[in-house]
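Beneath this line is the structure, given in structure tokens, with notes to follow.
On a predicted model such as this, the values are computed, not experimentally measured, just so you know.
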Amino acid sequence: MMLLKEYRICMPLTVEEYRIGQLYMISKHSHEQSERGEGVEVMQNEPYEDPVHGQGQLTEKRVYLNSKLPSWARAVVPRIFYVTEKAWNYYPYTITEYTCSFLPKFSIHIETKYEDNKGSNDNIFECEAKDAEREVCFIDIAYDEIPERYYKESEDPKNFVSEKTGRGLLKEGWRESQEPIMCSYKLVAVKFEVWGLQSRVEQFVHKVVRDVLLIGHRQAFAWVDEWYDMTMDEVREYERTTQEATNRKIGTFPPAISISDVTLPSHGGHSSAPSTPLTTDAPEFLSVPKDRPRKKSAPETLTLPDPMQMCLHTQPGAEPCNKPSLAKPE
């Protein structure tokens, strides 16, 4: 059993424009959020051709999170803690998966499709999630609230207007009249197979994932004048040089833990989103009640990977495996 949600995020762009904008945003954000020993390290990023999906891009990244974790979590987490992201990008179809060796029963699976519409396709994942129960959630990049610490007036679509495209200053109900308009459809499955905590943890992770998607898509549009005139070759070169700079910024050091082997099928993946540090206090639902004895078999605390550091960093790539399929809820 897993918690499955479909997110729909509209943008005042075309699908072809967003192909460039997404790659630019991911690289820039990764570099800005990285520092010595922390951030997103690109392990692999190269072209790959799939017999079904055709030409695509493979990436594998390590998202180092230790300083982003709350103090209660750092006490029990290895000194160097990271999440592995594997992505297969066959734009406009992508797949991204996250695994964590410290939480072997935890995973996030994201399938993304892009279309030039206002989020009106109710059957876009008919094959991937046939008969699967899922909640559809619209995300409004202009009017949905974001965590206060991530708000920047320059990245607010209600205030921002693009000099190169003239788009921006989005008004209430903008999706009904905006031209051009596109939609990112994201089918997100969160799985945490720990009895007694599964439902609450999966709900918690989905809340963070939603914030990730909101902030990342806001940035992609707010930075449009920086990437709008780029060609695919130019944005790939920007991506390459920025990734090299980011890897140098993080620094190289031997990992204190290893990623467990996870058999992943071959396919395409991709997405985008900034990182969100978890709160400094343990979530209330993870606290051990004081009015009853503690069970020896149950964990007293739970460490979650920081989806905000991950989710929107997804983009082309990962080493070839077998094509993954989205499991139906049991």
Side-chain angles (χ1 to χ4, degrees), residues 1-11 15 18-19 22-23 26 48 50-61 63 83-100 106-117 119-139 182-192 202 205-206 208-210 212-214 216-217 220 262-273 305 307 310-330:
M1 191 70 179
M2 62 186 168
L3 185 57
L4 188 64
K5 293 190 179 185
E6 179 186 322
Y7 297 94
R8 301 181 187 180
I9 313 102
C10 291
M11 304 271 284
V15 170
Y18 188 58
R19 184 176 193 173
Q22 184 186 46
L23 295 174
I26 292 167
Y48 175 71
D50 182 86
V52 176
H53 301 296
Q55 188 65 38
Q57 192 80 5
L58 300 169
T59 60
E60 179 177 349
K61 301 177 182 180
V63 185
V83 170
T84 295
E85 172 197 298
K86 292 187 177 181
W88 298 256
N89 181 12
Y90 303 98
Y91 197 89
Y93 172 68
T94 67
I95 297 177
T96 307
E97 293 185 346
Y98 298 94
T99 55
C100 173
F106 175 83
S107 66
I108 301 174
H109 177 107
I110 303 173
E111 296 200 35
T112 305
K113 294 185 178 183
Y114 306 95
E115 287 189 348
D116 285 312
N117 57 47
S120 53
N121 188 348
D122 293 329
N123 300 311
I124 193 166
F125 291 112
E126 184 175 6
C127 296
E128 292 81 359
K130 187 176 182 180
D131 300 327
E133 293 185 11
R134 65 186 186 274
E135 177 185 352
V136 175
C137 306
F138 281 87
I139 296 178
M182 61 155 286
C183 184
S184 298
Y185 294 83
K186 293 184 176 286
L187 189 64
V188 181
V190 177
K191 183 182 292 187
F192 184 68
E202 290 176 353
V205 173
H206 266 290
V208 180
V209 167
R210 188 183 184 285
V212 167
L213 297 176
L214 172 59
H217 285 77
V262 178
T263 302
L264 295 176
S266 143
H267 50 264
H270 182 231
S271 132
S272 47
M310 309 161 7
C311 264
L312 240 129
H313 287 299
T314 64
Q315 77 157 343
E319 53 186 65
C321 318
N322 300 317
K323 182 171 183 178
S325 59
L326 193 59
K328 300 179 183 177
E330 297 177 0

* Between Y18 and A220, what is the shortest heavy-atom contact and its length? -> CE1-CB, 3.8 Å

* **Separation of L187 CG from K5 NZ (nearest 0.5 Å)** => 12.5 Å

* Structure fact -> Rounded to the nearest 0.5 angstrom, the CG-CD1 distance for L213 and I110 is 6.5 Å

* Asked: Taking all non-hydrogen atoms of both residues, which atom of E97 and which atom of H109 are closest, and how far apart?
  -> OE2-ND1, 2.7 Å

* Asked: How about V190 and F106: do any of their side-chain heavy atoms sit closer than 4.5 Å?
  -> yes

* Contacts of N117 that satisfy side-chain hydrogen bond (donor to acceptor under 3.5 Å, both in side chains) - sequence neighbours left out -> E115, Y185

* Value rounded to 0.5 Å, distance of SG in C183 from CD1 in I124 -> 7.5 Å

* To do: Pick out which of Y93, Y91, Y90 makes a ring pair (Phe, Tyr, Trp, His ring centres under 6.0 Å) with Y114.
  => Y91

* **Contact summary for D50 and V52, nearest pair of heavy atoms** => OD2-N, 2.8 Å

* **Worked verdict on E111 versus K113 for side-chain contact (heavy atoms from CB on, under 4.5 Å)** => CA-CA 7 Å; E111 296 200 35; K113 294 185 178 183; 5.5 Å; no

* Asked: So, the side chain of E202 versus the backbone of M2: is there a donor-acceptor pair under 3.5 Å, distance only?
  -> no

* To do: List in chain and number order the residues that pass side-chain hydrogen bond (donor to acceptor under 3.5 Å, both in side chains) with R210, two or more places apart in sequence or in another chain; answer none if no residue qualifies.
  => D144

* Structure fact -> All heavy atoms of E60 vs all of T84, minimum pair found to be OE2-CG2, 3.9 Å

* **Minimum side-chain heavy-atom gap I139-H217 below 4.5 Å** => no

* Asked: Would you say K61 and I26 make side-chain contact, with heavy atoms under 4.5 Å?
  -> yes

* Asked: Could R8 and E6 be called an ion pair, given the rule that one side-chain N must be under 4.0 Å from one carboxylate O?
  -> yes

* Asked: Do E133 and L4 come within less than 4.5 Å of each other through their side chains, counting heavy atoms only?
  -> no

* Structure fact -> When rounded to the nearest 0.5 Å, the distance separating CE of M182 from CZ of R19 is 12.5 Å

